Amino acid sequence: DAGVIQSPRHEVTEMGQEVTLRCKPISGHDYLFWYRQTMMRGLELLIYFNNNVPIDDSGMPEDRFSAKMPNASFSTLKIQPSEPRDSAVYFCASRPGTGAYNEQFFGPGTRLTVL
Amino acid sequence: AQSVSQHNHHVILSEAASLELGCNYSYGGTVNLFWYVQYPGQHLQLLLKYFSGDPLVKGIKGFEAEFIKSKFSFNLRKPSVQWSDTAEYFCAVNALNYGQNFVFGPGTRLSVLP
């Protein structure tokens, strides 16, 4: 298995532009998580899905952020408009749904820089 | 709400020194516990996990962790660190009654000097 795949790996954009981050979870995993990592705030959960349905989006910082999961093999995190304070590494993770005893598997992350 | 604390922000050790990284959580119910490692520039990888049974858990690369329920702790240990253990270490808790959400600690950066 290729693991969790994220694209792009690096994104540099200007303030005000729309940014779309993409994630392909491990096949067969029922849960998908989006995290943001910064030096100041550490690793924060933004949102997670179960079977393509958003379950908890309380971590989404504001309305500029939105996430979708149109099918079991693809999710996007969109920031519109982007701001410099959104600069961070964004990780996607997936987890099997069978049993409560499974860890999350993380993707390589997307390093976002907003100028 | 769940929270996870890690005692040290940055630990510096020489090779062959022993390591112990502290982790405490605030939840009284049943929990699953994890330690993840993030090597420089890489994603998080699982070191070890605890669900039930023997509170002393052995993971990869010689790491182990001990769950002490009365202290709400899950400390990570390694008897002899190597330069290649330089990384950031995250403790995470999944409180079963809170669903599938993992709560991560702030991380401890470990620097091992050759």
Side-chain angles (χ1 to χ4, degrees), chain A residues 2-7 9-10 21 23-26 29-60 69 88-111, chain B residues 1-10 21 23 25 27 29-54 57 59-60 63 65 67 74 87-109:
Chain A
V4 177
I5 298 172
Q6 290 187 247
S7 65
R9 295 293 307 275
H10 301 272
L21 311 181
C23 175
K24 178 178 171 27
I26 294 173
H29 283 193
D30 295 336
Y31 290 89
L32 183 140
F33 305 80
W34 281 102
Y35 290 89
R36 177 172 67 177
Q37 185 179 39
T38 61
M39 289 289 290
M40 292 296 295
R41 300 174 68 92
L43 196 63
E44 303 173 278
L45 176 68
L46 300 177
I47 185 172
Y48 79 91
F49 296 83
N50 179 23
N51 292 324
N52 314 336
V53 177
I55 302 301
D56 183 356
D57 65 355
S58 59
M60 296 285 263
M69 193 164 185
V89 180
Y90 291 82
F91 288 103
C92 176
S94 69
R95 186 188 194 200
T98 52
Y101 309 118
N102 296 301
E103 70 269 25
Q104 294 182 14
F105 295 80
F106 281 78
T110 295
R111 183 175 294 276
Chain B
Q2 308 170 69
S3 68
V4 179
S5 62
Q6 293 183 235
H7 303 170
N8 308 97
H9 178 64
H10 190 189
L21 302 182
C23 171
Y25 62 92
Y27 182 67
T30 303
V31 293
N32 296 332
L33 300 160
F34 306 82
W35 275 98
Y36 281 84
V37 61
Q38 186 178 27
Y39 297 104
Q42 297 190 23
H43 61 287
L44 277 77
Q45 304 169 47
L46 184 72
L47 268 181
L48 47 80
K49 58 187 177 183
Y50 171 81
F51 296 120
S52 63
D54 189 343
V57 180
I60 61 171
F63 286 90
F67 172 50
F74 189 56
E88 189 143 15
Y89 293 81
F90 294 90
C91 181
V93 175
N94 174 213
L96 298 188
N97 286 344
Y98 280 81
Q100 297 298 325
N101 188 10
F102 280 35
V103 177
F104 282 84
T108 296
R109 184 188 305 174

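Here the structure is a predicted model, which is why all the values come from computation and not from measurement. Computation of the quantities below employed the complete heavy-atom set of this structure, encompassing side-chain atoms and omitting hydrogens, waters and symmetry-equivalent molecules. A note on names: the letters A, B, ... follow the listed sequences, proteins ahead of strands, and every chain is numbered from 1.
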S.K.: Nearest 0.5 Å please: distance from the CD atom of A:Gln37 over to the CD atom of B:Gln38.
M.R.: 4.0 Å

S.K.: Angle between ring planes, B:Phe104 versus A:Tyr35, binned at 30° and 60°: parallel, tilted or perpendicular?
M.R.: perpendicular

S.K.: Taking only residues two or more places apart in sequence or in another chain, which ones pass side-chain hydrogen bond (donor to acceptor under 3.5 Å, both in side chains) with B:Thr108?
M.R.: B:Gln6

S.K.: Who passes side-chain hydrogen bond (donor to acceptor under 3.5 Å, both in side chains) against A:Trp34, sequence neighbours left out?
M.R.: A:Ser75

S.K.: Is the NE2 atom of B:His10 crowded by more than 12 outside heavy atoms at less than 6.0 Å?
M.R.: yes

S.K.: Minimum heavy-atom separation for A:Glu103 to B:Phe102, with atom names?
M.R.: CA-CZ, 4.2 Å

S.K.: Just verifying a value: how many Å separate A:Phe106 CZ and B:Leu46 CG, rounded to the nearest 0.5 Å?
M.R.: 10.0 Å

S.K.: Quick one: of A:Gly42, A:Gly107, A:Gly109, who has the most non-hydrogen atom pairs under 4.5 Å with chain B?
M.R.: A:Gly107

S.K.: What is the distance from atom CD of A:Gln104 to atom CG of B:Leu44, rounded to the nearest 0.5 Å?
M.R.: 9.5 Å

S.K.: Using non-hydrogen atoms only, which part of A:Met39 is less than 4.5 Å away from chain B: side chain, backbone, both, or neither?
M.R.: side chain

